[in-house]
2 protein chains.
Amino acid sequence: MSPRKSAVEARHTRERIVARGMAIASVDGLEGLTIGRLAADLGMSKAGVLGHFGTKQALQLAALRAASEVFTRTVWRPVEHVEPGLPRLRALCGTWADYLETERATFPGGCLFTTAAIEFDARGGPVRDAVARLFTAWRRRLATEVATAVERGDLPAGTDPDQVAFEVFGVFLALNQEIQLFGSPDAHARTRRALDRVLAG
Amino acid sequence: MSPRKSAVEARHTRERIVARGMAIASVDGLEGLTIGRLAADLGMSKAGVLGHFGTKQALQLAALRAASEVFTRTVWRPVEHVEPGLPRLRALCGTWADYLETERATFPGGCLFTTAAIEFDARGGPVRDAVARLFTAWRRRLATEVATAVERGDLPAGTDPDQVAFEVFGVFLALNQEIQLFGSPDAHARTRRALDRVLAG
DNA sequence: CCTACCGATCGGTAGG
DNA sequence: CCTACCGATCGGTAGG
């Protein structure tokens, strides 16, 4: 029987739980992320797992938050200092595509946001709200980048930033499906060509 | 207590179960489609529901098959006799967009295929295979239509049909998300503009 | 972080 | 198509 742990040990345990939780949720959804499964995978008791969060919903929200930190670190941070506008937009499309391919250790079932969005889009509640907020924020980020590109003259005057953001999103939803459902090897080539068309000057 | 029913009555009951099942699965996923929930909604016993299918998996497959019949009836049948190539492609994009908006009584949680694809894309088994088959068949349908459009000179020579099919799919994935997650009123306008760009001659 | 437990629900079966 | 039941698992709690 494990005694109570120090604060740093407890924090480390919490991180292990959340990391495993992201992987499970990526495959089986945030509802399929059960406390018993998590406990078994980690060799802990259910109460030991739940004690870190209190409720399943809090665990789901913790997994979402952690996933958004992975996304920010992997997709946004590397391009943060690239020149705003079209250069940064193209750069983040690159890191975004890599993220879908590379983060498979973290998200073996594909992007957790996409999974969570579909899973909760017809429901209410804090989880749905958190997912919607994350998507909205990223869409806004894209639209802002497009707007800058237009101001700089890298995209035609009169381009609708929200329209381009919508279309870019569609390409990445298709890429995610191509990878996850079809395992298609030319998914990235298709994505690049589609983006070239959407972001054509 | 209900006695055994005649064959036609039994068939009617089965159809009621499947119809309700599609609606539930559209919101809560094919795993969230539980036998107890279905029985409660229909005022039946669990054994009465399950007797029509044998296993939950068979019920899931029945819901998918019924959904594909709805899709065919709503999206494909109305355009079946339109001139092949770009005219039919544009026409089916129209019925497809309408389907996402109109079939909300049948699929209150949005297109069942999109939900099922995300839910099962990281697993194996017959349900995943059925979903993948449906998507593949529809993608092939789109690509064939594009190829015909190229032959007829409605799209530029050298156009890659699979590339266009990929991009069209992306637009509709984005439309589904726009409707379900954001409830955006200009989703259809965005879709039309995106398709105009993808299908530009 | 553990053991021990709670009521509810899961998919499914036996038997009529 | 029903009642009655099965073992397994769910989220969560009490108490240490």
Open item on the list: Would E167(B) and R190(A) count as a salt bridge (charged side-chain N to carboxylate O under 4.0 Å, His left out) here? Give the steps.
Closed with: CA-CA 8 Å; E167(B) 293 184 25; R190(A) 293 220 179 288; over 6 Å; no

TODO: Output yes when D129(B) and R133(B) qualify as a salt bridge under the 4.0 Å nitrogen-oxygen rule, no when they do not.
DONE: no

Open item on the list: Let me confirm one number: the CD-CG distance from E178(A) to D121(B), rounded to the nearest 0.5 Å.
Closed with: 12.0 Å

Task: Exercise: identify the closest heavy-atom pair between R128(B) and Q180(A) - done: NH1-O, 3.7 Å

Task: Exam field: side chain E145(A) to backbone R88(A), donor-acceptor pair closer than 3.5 Å - done: no

Open item on the list: Among residues 120-127 of chain B, which ones have heavy-atom contacts with DNA chain D below 4.0 Å?
Closed with: none

Open item on the list: Could you tell me the Watson-Crick or G-U partner of dG15(D), where both distances fall under 3.5 Å? Say none if there is no partner.
Closed with: dC2(C)

Task: Assigned partner base of dT9(D), Watson-Crick or wobble definition, under 3.5 Å - done: dA8(C)

Task: Nearest-angstrom distance from the residue atom CD1 of I17(B) to P of dG11(C) - done: 14 Å

Task: Length of the line joining Q57(B):CD and dG11(C):P, which is rounded to integer Å - done: 13 Å

Distances for protein N/O vs nucleotides 4-10 of chain C N/O pairs under 3.5 angstrom?
from	atom 1	to	atom 2	distance (Å)
dC10(C)	OP1	T34(B)	OG1	2.9

Open item on the list: Can you identify which nucleotide, out of dC2(C), dC1(C), dC1(D), has its nearest atom closest to the T13(B) side chain?
Closed with: dC1(D)

- [ ] Find the distance R11(B):CZ to dC1(D):P and express it as a whole number of Å.
- [x] 14 Å

TODO: Tell me, with the steps shown, if R73(B) and E69(B) meet salt bridge (charged side-chain N to carboxylate O under 4.0 Å, His left out).
DONE: CA-CA 6 Å; R73(B) 185 186 340 116; E69(B) 282 160 13; 5.8 Å; no

Open item on the list: Strictly below 4.0 Å: does T55(B) bring a side-chain N or O up to OP1 or OP2 of dG11(C)?
Closed with: no

- [ ] Using a cut-off of 6.0 Å, state whether more than 12 heavy atoms not belonging to R140(A) lie near its atom CZ.
- [x] no

Task: Value in whole Å for how far the P atom of dG12(D) lies from NE2 of H52(A) - done: 16 Å

Task: Reported CZ-to-CG distance for the pair R193(B) and D196(B), which is rounded to 0.5 angstrom - done: 9.5 Å

Open item on the list: For W138(A) and W96(A), take the angle between the two ring planes, folded into 0 to 90°, and tell me which bin it lands in: parallel under 30, tilted 30 to 60, perpendicular over 60.
Closed with: perpendicular

TODO: Round to a whole Å and report the spacing from CE of M44(B) to C1' of dG12(C).
DONE: 15 Å

